[in-house]
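Within every chain, numbering begins at 1; the chains are lettered A, B, ... in the order of the sequence lines, protein sequences first and strands thereafter.
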Amino acid sequence: MPELPEVETVRRGLMPILEGATILSANINRSDLRYPFPEKLCQRISHRQIIAVKRRAKYLLIELTGDLTLVSHLGMSGAWRIEEAALDRRYFSRAPLAVHDHFSLIVQADSKKQHKVIYNDPRRFGMILLIHTDQVSTHPLFAKLGIEPLSDELSGDFLIREFHNRHKSLKAALLDQTIIAGLGNIYVCEALWRSFLSPFRQAARFAEELQQQPKIAGNLALNIRNVLSEAIKAGGSTLRDHKQVDGELGYFQHNFSVYGRENQPCPRCGTAVIRVKQSGRSTFFCKQCQNGNNQLSNQGKPS
DNA sequence: CGGCATACCTGCAAGC
DNA sequence: TGCTTGCAGGTATGCC
């Protein structure tokens, strides 16, 4: 499921349940996901209070007392869900595990309310880590991450600056988490379409042209921001079985202009949307609207 | 350095 | 219907 809007949707769903609550217990149902679960994870987080639920790029950060942060990445198929608590604590031990429920927390917000918060991940590309809170920016996973696309740092100037020496396609540059952190395949395709830009255009040459036409860079920055914000408002995109933490579906996928719409008409000009492989991943675009000059002459370019 | 293939793992849909 | 194949939002690694 998860690019930035989906992770943000999860964060907003978990926040009211988790923030201020205390972790009564935690449970691990297998030894690893992408990485092994941290040593003594359950012990180390039990009885701590949750201070905040934050997000950095596609990482969910559950900040605990005692300078610890529980980090969760959803990979391709990870999801968190909240189970309504019964007052009877035995409810939790009786509740059957769903397939691929790998990790769970039982939390208590006040003297009465308890919730079970469960991490489910069929493909197990996700991860659960425990790090010191002050390492959130220096930990190897975070140190190289680029800017948050919804922050003020994303601007036309930023794109020109960052792209001017990047000798790769715009698609690859936007997917590069060390430049902008949080974009994935879907929203890159959508942002490029909105911006009338070819995914194959070379980032450095693009940046050069933009010196003369800074508006275009500003427009790309704006479109990135807009597509992400709109997706968050819609509760993310539901592909396959992605759901929000309360089981509600996101519905931004209905607003895709090109992603997943091979052979369907471009919403602007009616030309059939094309799908090609680029860097091993599907790129969806409209040949008519996104016919920028300076395409790379490499593979993946449509003939 | 960039692109590409591969790996991780399961589920699903399409195609035969 | 049932089997095989390919593909999927993620990141990491190694090879050219």
Between Q177(A) and dT11(C), does any side-chain N or O lie under 4.0 Å from OP1 or OP2?
-> yes

Out of dC9(B), dG9(C), dA12(C), which has the shortest distance to the side chain of L141(A)?
-> dA12(C)

Got a second to check how far F252(A)'s CZ is from H254(A)'s NE2, nearest 0.5 Å?
-> 11.5 Å

Using the C1' atoms only, state how far dT10(B) lies from dT1(C), rounded to an integer number of Å.
-> 23 Å

Is there a side-chain polar atom (N or O) of S77(A) under 4.0 Å from OP1 or OP2 of dG9(C)?
-> no

State whether the side chain of R225(A) and the backbone N or O of L154(A) hold a donor-acceptor pair below 3.5 Å, judged by distance alone.
-> yes

Would you sketch DNA chain B in dot-bracket for me? Only Watson-Crick or G-U wobble pairs with both distances under 3.5 Å count, crossing pairs as [ ], other-strand pairs as |, the rest as dots.
-> .|||||||.|||||||

Pair E63(A) + K54(A), salt bridge at N-O below 4.0 Å = yes

Expressed in whole Å, how much space separates the P atoms belonging to dG2(B) and dG9(C)?
-> 22 Å

Extract from the structure each pairing of a protein N or O with an N or O of nucleotides 14-16 of chain C at less than 3.5 Å, listing the distance.
none

Give, for atom CZ of F284(A) and atom CD of Q290(A), the distance between the pair rounded to the nearest 0.5 Å.
-> 12.5 Å

If you measure from CE on M15(A) to CD1 on I62(A), what distance do you get to the nearest 0.5 Å?
-> 12.0 Å

Assess whether one donor atom and one acceptor atom, taken from the side chain of R281(A) and the base of dA8(C), lie less than 3.5 Å apart.
-> no

K58(A) has an atom NZ; how far is it from atom C1' of dG10(C), in whole Å?
-> 6 Å

Calculate, to the nearest 0.5 Å, the distance between atoms CG and CD belonging to L14(A) and E19(A) respectively.
-> 10.0 Å

Close side-chain approach of Y259(A) and Y187(A), heavy atoms under 4.5 Å | no

Side-chain contact check for N185(A): nearest option of dG10(C), dA8(C), dG11(B) is dG10(C)

Take the protein atom CG of L145(A) and the nucleotide atom C1' of dG10(C), then report the distance between them rounded to whole Å.
-> 13 Å

How many Å lie between CG on L174(A) and P on dG9(C), as a whole number?
-> 16 Å

Looking only at dG11(B), dT11(C), dG2(B), the nucleotide nearest the H100(A) side chain is dG11(B)

Regarding the side chain of I186(A), the nearest nucleotide among dT11(C), dG9(C), dT10(B) is dG9(C)

Across all chains, not counting sequence neighbours, the ring-ring contact (aromatic ring centres under 6.0 Å, His included) partners of Y59(A) are H73(A), F142(A)

Specify the separation, in whole Å, of atom CG of L33(A) and atom P of dC9(B).
-> 11 Å

How long is the line joining CD of Q202(A) and C1' of dG3(B), in whole Å?
-> 13 Å

D32(A) CG - dC8(B) P separation (whole Å) | 12 Å

Would you say the side-chain atoms of T178(A) and K144(A) include a donor-acceptor pair closer than 3.5 Å?
-> no

Minimum-distance nucleotide (side-chain atoms of R275(A) versus dG9(C), dA8(C), dC9(B)) = dA8(C)

Check the geometry between F125(A) and dT11(C) and answer yes if their rings are stacked (centres below 5.5 Å, planes below 30°), otherwise no.
-> no

Between CG of D121(A) and C1' of dC9(B) the distance, given in whole Å, is 9 Å

Listed nucleotide nearest any side-chain atom of Y35(A), set dG9(C), dG10(C), dA12(C) = dA12(C)

To the nearest angstrom, how far is K277(A) atom NZ from dC7(C) atom P?
-> 5 Å

Which nucleotide in the list dC7(C), dC9(B), dG9(C) gets nearest to the side chain of R124(A)?
-> dC9(B)

Does OP1 or OP2 of dT11(C) have a side-chain N or O of K144(A) closer than 4.0 Å?
-> no

Would you indicate what G184(A) reaches in the nucleic acid, counting non-hydrogen atoms under 4.0 angstrom: base, sugar-phosphate, or nothing?
-> sugar-phosphate

For H167(A) and dG3(B), is the shortest distance between a side-chain N/O and OP1 or OP2 below 4.0 Å?
-> no

Mark yes when over 12 heavy atoms from residues, nucleotides or ligands other than D152(A) sit less than 6.0 Å from its CG; otherwise mark no.
-> no

Return yes if a side-chain donor-acceptor contact under 3.5 Å exists between H164(A) and E208(A), otherwise no.
-> no

What's the closest nucleotide to the Y259(A) side chain, out of dT11(C), dT10(B), dA8(C)?
-> dA8(C)

Shortest side-chain distance from P2(A), nucleotide among dG9(C), dT11(C), dC4(B) = dG9(C)

